[in-house]
Amino acid sequence: MKKQFVLKSFIADNLVAVIFLAITIASIPLSGLSPVHIIDDLMTRIGRNAFLVFSLILPIMAGMGINFGMVLGAMAGQIGLIFAMDWGIGGMQGLGFAALLGLPVSILLGWIAGSILNHARGREMVTSYILGFFFNGIYQFVVLYLFGSVIPLHNRAIALSRGFGVRNTLNLEPVRQVLDNAWLVKIAGVRLPMLSYAIIVVLCVFIVWFKKTKLGQDMRAVGQNQHVSNAAGIPVEKTRILSIVISTVLACFGQIIFLQNMGNMNTYNAHDQTGFFAAAAILVGGASLTKASIPNVFAGVLLLHLMYIVVPMAGQNLFGSANIGEYFRQFIGYGVIALSLVIHAWRSRREAEKARALLRSEGEEA
Amino acid sequence: MNTTDMQKRIKEAAADFGWPRIIIALFLAVLFILAPFVKVSIASSLSDIINRFGMNALLVLAMVPMIQSGCGLNFGLSLGVIAGLLGSTMAVQFGLTGWAGLFGAIALSTPFAVVLGWLYAKLLNRVKGEEMTIAMYVGFAAVMFMSIMWLILPYSSKNMVWGYEGKGLRTTITLDGYWNRQLSDFLAVRLSDNFVFPTGLILFVAASCAVMWLFLRSKTGTAMTSVGSNPDFARASGIDINKMRTTSVVMSTVFGAVGILLYQQSFGFIQLYTAPLYMAFPAVAAILIGGASINKASIVQVVVGTILFQGILTMTPSVINSLLQTDMSEVIRIVLSNGMILYALTRKSKVTR
Amino acid sequence: MKGEQKHGGTKTLALRAAIGVAYIALLALFLVTGRTHTVLIDNKADPAGAWQAIRGMTVSVNGGEAVEYMKGDRDKVSVKGQKMRVRVEFFDGRDTEEYSLKIPFIEDTLLLSVPKLAEGLDNPMEPFNLYADNKARTDAEEGERFGQEP
């Protein structure tokens with residue numbers, strides 16, 4: 001009986017990844033894409049998206065669940081890019097400028113978000129989701145009305161024709177793919193953006209180092225048990241806020257990396273799906289709401305984006321409609337998150353019941 | 001001494017009622033006062049608000065059962081909406097018009113709503129705790145799944161399918177000639193040039209509120225409420241918590257289905273594909289504006305909340321846009337509705353996990 | 001711990017001031033070294049006849065690709081930084097020339113008339129107002145702005 005139980009939890013552990021893999025593998029031949037094309041696209045996507053997914057690790061460790069509020073960091077990064085493009089700053093300097101400007105904004109927004117989340121204990125995820133929407137409204141207000149009027153814009157070309165407000169599409173040509181092209185290695189027709197990978201490696205090192213610091217240990221303790229941590233003298237509230245602040249800052253940088261690869265920024269919508277993609281990726285990679293590690297990020301980005309490459313084409317070829325492929329892709333994305341959340345909730349309840357049963361049996365023995 | 005007493009009492013009453021609500025009510029009042037100065041007709045504004053109230057009230061009412069039973073805010077309202085969409089598209093497919101169309105749609109939607117609600121409840125019962133986020137994503141996934149379905153299901157009525165290929169439903173389907181404004185026009189009273197009172201619609205909403213009110217007072221209703229406000233007591237009294245939660249979820253889904261049908265008959269169109277994705281959020285915001293919390297909601301709060309919320313949505317575009325010569329309504333709507341939800345989520349409630 | 005805080009007071013203040021200065025310095029550095037200007041390289045004759053277009057040349061800016069310009073051609077080049085080295089190879093036998101120009105920081109787009117440059121006339125490079133051309137494009141794009149968010 002013990003063996004059966006282990007098997008069950010193993011499947012549940014990796015159920016999402018397994019389903020994902022199955023659908024993706026089935027779709028590869030149906031998509032009609034060549035392996036080289038797929039791998040090439042995948043390598044680019046990893047360089048583009050992985051950084052963003054990393055921003056979710058710390059809040060999960062600190063027990064805040066999925067930080068959908070990472071989109072606040074994305075918005076901060078976008079504001080940085082608007083300023084950078086206003087002055088036409090190109091190359092790495094442009095990215096650096098945007099990141100430097102976005103930094104204080106993300107810290108501030110992360111601090112606010114973290115404080116609000118501390119008032120909504122037990123409901124962090126839904127609250128961070130709504131926070132994202134709320135600050136999106138503020139972002140729209142700032143970018144649509146304040147830029148060009150209260151916030152001076154130098155370059156009229158990026159403003160709307162009425163004189164204030166930023167254009168719908170911001171051309172990122174000065175910084176387009178500077179990270180990717182800075183150190184591009186081509187192997188067998190596959191392009192590898194080495195600098196982006198290098199940055200991701202640095203981030204991994206930072207995270208590993210951080211987890212060993214006192215603050216990192218505090219975060220893990222808070223994530224496991226707030227009461228015990230509080231009793232041990234850890235400033236629980238402040239630690240939780242810091243996890244959100246770091247998450248927001250990482251999201252800011254991650255969004256800048258993402259956008260430099262895209263080359264164009266949809267000023268009002270670019271950040272819409274940021275939280276969703278990152279959450280889906282980390283959950284597919286095997287993370288749960290209380291545990292997330294670096295391998296989860298890589299596995300997740302790989303699986304999710306592989307799926308995103310092949311499934312729409314497969315759907316199009318199978319059903320003759322590009323729309324069905326698109327809808328199916330979104331369905332799988334949302335479904336994955338829902339399934340992961342359900343499995344996690346189900347398992348934490350089972351664990352609680354197990355603990356209770358154990359206590360009961362111990363009590364009986366005594 | 002007397003004045004400080006009064007001041008204290010006013011302060012307490014205000015805190016009880018909630019500062020955000022007071023701010024919103026004042027904001028609305030200000031908009032109304034400004035209206036004639038910016039050439040916005042109060043009569044047509046009132047008419048708009050009443051119509052929008054009727055359109056949305058049932059969707060907001062659908063929030064009540066699940067809040068009362070402790071399942072939280074029903075972010076999975078899209079499931080009920082999907083049931084309603086299935087019913088209404090089938091009614092159009094069968095060529096039902098007028099009263100037969102409206103009530104046919106209701107009749108066709110209900111079984112779907114019950115089944116979907118029941119499945120949804122089974123899921124929620126297994127994940128007590130993270131209901132709201134899961135509900136959101138289950139709702140999203142369902143909408144995407146249905147989007148695929150709308151393309152494949154064998155609908156054939158010429159008014160509904162794309163012209164070129166003859167299969168796959170259009171994104172919006174007009175109800176003109178079917179049951180457009182069926183309820184709204186029933187016994188409608190023309191009070192002035194721009195003011196038509198949609199009597200039928202308001203009567204239906206009132207009747208639905210009455211049904212909910214009676215239900216909450218029934219034995220099942222009170223049992224449901226106790227599950228939400230005091231689960232230990234409920235368990236001790238022998239109430240089957242899961243059964244009560246299931247009942248509340250099914251009720252919510254059914255009301256959601258009828259709610260979208262009311263919305264459609266006012267709006268004049270059936271909206272498919274990704275339209276239902278975010279429909280839960282305005283309803284959540286409305287009931288929270290009305291004063292509900294995460295585990296307590298009343299019918300009065302539904303009515304007050306919907307009127308305030310729709311009032312803001314109606315008045316802001318017309319007044320502020322005339323005032324500032326610019327369209328800020330979208331931004332204000334986003335900030336207000338999400339701000340309200342945030343406020344409610346950060347209140348300390350007696351029953352927290 | 002309290003004693004430490006008192007000691008660390010001036011130290012942390014100095015540290016924070018240093019970070020602040022470094023931050024602003026970095027921003028300024030990025031701004032000045034990264035600022036790109038769009039320079040339109042022009043080979044058109046003066047409508048009033050003050051100078052003629054060059055009959056064929058290649059132009060390379062800051063060591064970049066040498067682009068061919070025939071009479072009446074105009075092309076654009078992105079220049080990062082405030083200095084511009086223009087290398088012109090004439091097709092009509094004149095010696096290859098290299099010119100050094102300074103781009104005013106404030107301007108986004110400029111028009112460089114190579115004929116004027118070659119003849120040593122005043123103000124070969126002038127600011128170019130892109131805004132007039134841009135308006136039509138921006139107006140056409142202002143359709144959808146918002147998604148479906150609540």
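Hydrogens, waters and symmetry mates play no part in the numbers below; they use all other heavy atoms, side chains included. Lettering follows sequence order; numbering is per chain, from 1. Note that the structure is a prediction, hence the values are computed from the model and not measured.
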Exercise. From A:Ile130 CD1 over to B:Phe75 CZ, what is the distance, rounded to the nearest 0.5 angstrom?
Worked result: 4.5 Å

For this session: Supply the atom-to-atom distance B:Thr274 OG1 to A:Gln330 CD, rounded to the nearest 0.5 angstrom.
Result: 8.5 Å

For this session: List the atom of B:Asn125, the atom of A:Arg349, and the distance in Å for their closest heavy-atom pair.
Result: O-NH1, 3.2 Å

Exercise. Say you draw a straight line from CG of A:Leu131 to CG of B:Asn338; how long is it, rounded to the nearest 0.5 Å?
Worked result: 9.5 Å

Problem set entry | Region of B:Leu342 in contact with chain A, defined by heavy-atom distances below 4.5 Å | both

For this session: Identify which of B:Gly339, B:Ala141, B:Ala142, B:Gly139 forms the greatest number of heavy-atom pairs closer than 4.5 Å to chain A.
Result: B:Ala141

Problem set entry | Intermediate values then yes/no, side-chain contact (heavy atoms from CB on, under 4.5 Å), B:Ile334 and A:Phe134 | CA-CA 6 Å; B:Ile334 295 179; A:Phe134 179 74; over 6 Å; no

For this session: Quick one: closest heavy-atom pair of A:Gln140 and B:Val331, and the distance?
Result: CB-CG2, 4.0 Å

Problem set entry | Contacting region of B:Leu123 [heavy-atom separation from chain A under 4.5 Å] | side chain

Exercise. What distance separates A:Glu326 CD from B:Ile148 CD1, expressed to the nearest 0.5 Å?
Worked result: 10.5 Å

Exercise. Counting heavy atoms not belonging to A:Tyr145, are there more than 12 under 6.0 Å from its OH?
Worked result: yes

Exercise. Has B:Arg126 got more than 12 heavy atoms of other residues, nucleotides or ligands less than 6.0 Å from its CZ?
Worked result: no

Problem set entry | Pairwise distance CE(B:Met136) to CZ(A:Phe68) - rounded to 0.5 angstrom | 6.5 Å

Seminar exercise, completed: Applying a strict 4.5 Å limit to non-hydrogen atoms, the region of B:Met132 in contact with chain A is both

Exercise. What is the ring orientation for A:Tyr129 with B:Phe281, classed by angle as parallel under 30°, tilted 30 to 60°, or perpendicular over 60°?
Worked result: parallel

Problem set entry | pair B:Ile294-A:Arg123: side-chain heavy atoms closer than 4.5 Å | yes

Problem set entry | side-chain contact (heavy atoms from CB on, under 4.5 Å) evaluation trace for A:Tyr327 with B:Leu151 | CA-CA 10 Å; A:Tyr327 288 138; B:Leu151 283 172; 4.0 Å; yes

Seminar exercise, completed: In this structure, CG of B:Leu345 is separated from NE2 of A:His119 (nearest 0.5 Å) by 13.0 Å

Problem set entry | Side chain / backbone / both / neither for B:Ile332 at chain A, heavy atoms under 4.5 Å | neither

Exercise. For A:Phe135, is it the side chain, the backbone, both, or neither that has a heavy atom closer than 4.5 Å to a heavy atom of chain B?
Worked result: neither

For this session: Could you check if a side-chain atom of B:Thr346 sits within less than 4.5 angstrom of a side-chain atom of A:Ile116, using non-hydrogen atoms only?
Result: yes

For this session: Verify side-chain contact (heavy atoms from CB on, under 4.5 Å) between B:Ile152 and A:Ile324, making sure each step is shown before the conclusion.
Result: CA-CA 9 Å; B:Ile152 323 186; A:Ile324 292 195; 4.1 Å; yes

Exercise. Would you call the rings of B:Phe140 and A:Tyr334 parallel, tilted or perpendicular, where under 30° means parallel and over 60° means perpendicular?
Worked result: tilted

